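In the text below, chain A, chain B and the rest are named by the order of the sequence lines, each starting its count at 1. Owing to the predicted nature of the structure, the values given are computational and were not obtained by experimental measurement.
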Protein chains: 2
Amino acid sequence: MIFMKTDLEQNRDLSAQIAKAIRDAIITGEMNTDDRLPSEAELADQFNVSRSTVREALKRLAAQNLIRTRRGATGGAFVHRLSYAEAYADHITTSTLLLSMNAVDFETACEARFALERACAPLSATRRSPDHLATMRAEVHRQSQPGLSDEGFCDSDVAFHRALVDGAANPVLSYQLAGAVEAMQPLMNMITFTARSREAIIAFHTRITDALEAHDADGVDTALSELARYTLGLGQKAMAARAAHRR
Amino acid sequence: MIFMKTDLEQNRDLSAQIAKAIRDAIITGEMNTDDRLPSEAELADQFNVSRSTVREALKRLAAQNLIRTRRGATGGAFVHRLSYAEAYADHITTSTLLLSMNAVDFETACEARFALERACAPLSATRRSPDHLATMRAEVHRQSQPGLSDEGFCDSDVAFHRALVDGAANPVLSYQLAGAVEAMQPLMNMITFTARSREAIIAFHTRITDALEAHDADGVDTALSELARYTLGLGQKAMAARAAHRR
DNA sequence: ACAAACCCAATTGTCTGACAAATGATTTTT
DNA sequence: AAAAATCATTTGTCAGACAATTGGGTTTGT
């Protein structure tokens with residue numbers, strides 16, 4: 001792979017332009033996974049800039065998981081195969097940040113989350129493995145522990161719903177939904193769960209798991225939509241309480 | 001905001017560690033939108049590293065749209081409010097790359113896309129604005145132009161489905177789905193559309209738009225699931241043809 | 001011949017110091 | 001008072017140096 005100075009405008013922000021040139025080469029498939037980029041010194045020559053500028057460009061790409069670097073004689077920067085696990089993690093932090101920075105309200109996030117989960121339900125009812133069921137049962141059990149903190153309850157809730165989504169055995173679906181499910185957590189964390197509401201949620205979770213075990217897609221869907229309504233109510237109550245408290 | 005050397009391990013990859021320290025400060029809300037970070041020189045002092053190292057860290061954050069920098073006396077690095085538009089763009093390129101790098105098959109992507117779209121359908125049937133309908137009609141019209149290339153047809157297809165999703169008037173939903181809808185495009189582009197199949201798809205699109213206009217959620221859902229089945233068939237035929245050709 | 005120790009070259013990681021360019025604030029001039 | 005010049009601060013870029021890592025080759029010991 002050879003880059004040329006001509007790939008750059010004469011303007012400014014060279015490191016961003018260089019990053020873009022290399023990124024394009026990766027995205028368009030001009031470079032393939034595990035291909036090695038030219039060394040920093042070579043890139044500096046090709047783009048006719050200093051090594052520091054090249055390095056800043058490479059750091060940008062590394063931050064996006066597009067390349068990995070290794071030191072040493074056979075080292076260098078290599079095109080990195082973006083794995084689901086890495087993409088998941090990024091997607092979740094970005095989604096969370098996006099929601100918090102744009103002050104998305106509880107209703108909107110809740111609606112999105114349950115709408116998407118319900119989309120997985122039929123597939124999950126067909127394909128869920130014993131592993132998924134076991135995870136869900138375990139989380140339900142964890143949720144019924146008396147000493148569990150509100151945060152722990154939310155953690156478990158997220159884990160439960162992730163298992164439900166993963167049950168659809170479609171990685172694309174899991175990936176896209178991870179953002180919606182996990183990004184809800186900070187909003188859920190603002191709710192104080194009473195023993196009463198925990199009980200209700202656990203009952204929904206049990207119903208969902210049972211229906212899933214019985215391959216009963218309709219049952220899952222019904223329970224999910226009722227849970228959605230219930231969660232929405234909880235959230236609205238919590239928001240109202242907050243608003244009153246702030247008065 | 002003051003950072004300390006103690007935030008770093010003594011190990012390696014200082015610029016990554018510094019980036020992480022600052023990123024955490026942003027994500028946890030320790031720093032707010034439009035807050036100014038210390039200058040590069042100050043950060044270098046605080047972390048006890050050179051300015052180049054700090055700069056590499058800042059470039060990492062800039063690549064993730066977490067900060068923006070301005071030159072000049074009142075310049076510096078500022079915490080950036082992540083906008084939907086920016087997040088969309090990143091999400092789409094990442095999704096596309098993830099699918100292509102992991103060789104996701106047509107069935108999986110197709111299933112995910114339509115499952116998610118069907119999740120929006122009821123909401124969209126309730127809330128779609130005249131604007132959304134107009135966009136969809138316009139795209140359908142574009143799709144029926146005789147001279148349209150296969151790629152143009154796919155473009156229009158994506159635009160149509162995006163309008164459908166956006167009709168749900170839930171930005172969280174739109175954001176999460178953007179990845180699934182757009183990332184399908186490269187896979188769709190591998191299909192050669194016959195006049196016959198274009199006609200069929202346009203008919204589905206018309207049915208969907210009509211149902212949406214009539215606020216008929218069930219009609220949208222039915223048409224969408226039939227379109228899903230049809231698209232899947234097209235894709236499988238195309239993949240089979242490819243496999244035969246490669247033989 | 002084989003293994004261990006050593007050395008070597010390539011490459012990234014970090015540091016230092018310098019200057020250019022942008023940019024808002026300040027001061028001077030008109 | 002308005003315009004122009006100057007200044008101080010900050011990011012952007014460059015050049016050169018050295019440290020650290022790492023795989024490959026070379027020598028040496030047996």
Could you tell me if the side chain of T74(A) sits less than 4.5 Å from the side chain of R36(A), heavy atoms only?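 Side-chain contact under 4.5 Å: no.
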Distances under 3.5 Å only, N/O to N/O: pair up the protein atoms with those of nucleotides 19-24 of chain D.
{"from": "dT21(D)", "atom 1": "O2", "to": "G72(A)", "atom 2": "N", "distance (Å)": "3.2"}
{"from": "dT22(D)", "atom 1": "O2", "to": "A73(A)", "atom 2": "N", "distance (Å)": "3.0"}

Using atom types as modelled and distance alone, determine if a side-chain donor or acceptor of [X] lies under 3.5 Å from a backbone N or O of [Y].
X       : Y       : value
S156(B) : G152(B) : no
S100(B) : L97(B)  : yes
T53(A)  : V49(A)  : no
N170(B) : V172(B) : yes

Presence of salt bridge, R127(B) and E111(A), under 4.0 angstrom: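 Result for this pair is yes, salt bridge flagged.
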Can you list, by residue number, the residues of residues 51-64 of chain B that have a non-hydrogen atom closer than 4.0 angstrom to DNA chain D? R51(B), R55(B), K59(B)
Would you call the rings of Y84(B) and Y175(B) parallel, tilted or perpendicular, where under 30° means parallel and over 60° means perpendicular? perpendicular
Parallel, tilted or perpendicular, as decided by the 30° and 60° cut-offs, for the rings of H161(B) and F114(B): perpendicular
Under 4.0 Å from OP1 or OP2 of dG12(D): is there any side-chain N or O of S15(A) that close? no
What pairs meet the salt bridge (Lys or Arg N to Asp or Glu O under 4.0 Å) rule with one or both residues in residues 46-63 of chain A, with sequence neighbours excluded?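 Of all non-adjacent pairs touching residues 46-63 of chain A, those that pass salt bridge (Lys or Arg N to Asp or Glu O under 4.0 Å) are E40(A)-R51(A), E40(A)-R55(A), R55(A)-E56(B), E56(A)-R55(B).
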Just grab all the salt bridge (Lys or Arg N to Asp or Glu O under 4.0 Å) pairs involving residues 155-184 of chain B, residues at least two apart or on different chains.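 Listed once each, the pairs are R113(B)-D157(B), R162(B)-E182(B).
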Do Q64(B) and Q64(A) pass the side-chain hydrogen bond (donor to acceptor under 3.5 Å, both in side chains) test, and can you show the C-alpha distance, the side-chain angles, and the key distance before you say yes or no? CA-CA 7 Å; Q64(B) 297 175 281; Q64(A) 298 175 289; over 6 Å; no
Classify the side-chain pair Q176(B)/H91(B) by whether it contains a donor and acceptor separated by less than 3.5 Å. no
Just checking, any donor-acceptor pair under 3.5 angstrom between side chains of S129(A) and H132(A)? yes
For a 4.0 angstrom threshold against heavy atoms of chain B, report the outermost contacting nucleotides of DNA chain C in 5' to 3' order.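 Under 4.0 Å from chain B, the extent on DNA chain C is dT14(C) to dG24(C).
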DNA chain C-proximal residues of residues 36-45 of chain A, any heavy atom under 4.0 Å: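 Under 4.0 Å from DNA chain C: R36(A), S39(A), E40(A).
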Within this structure, what is the CG-to-P distance between L14(A) and dA15(D), rounded to whole angstrom?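 Roughly 12 Å, once rounded to whole Å.
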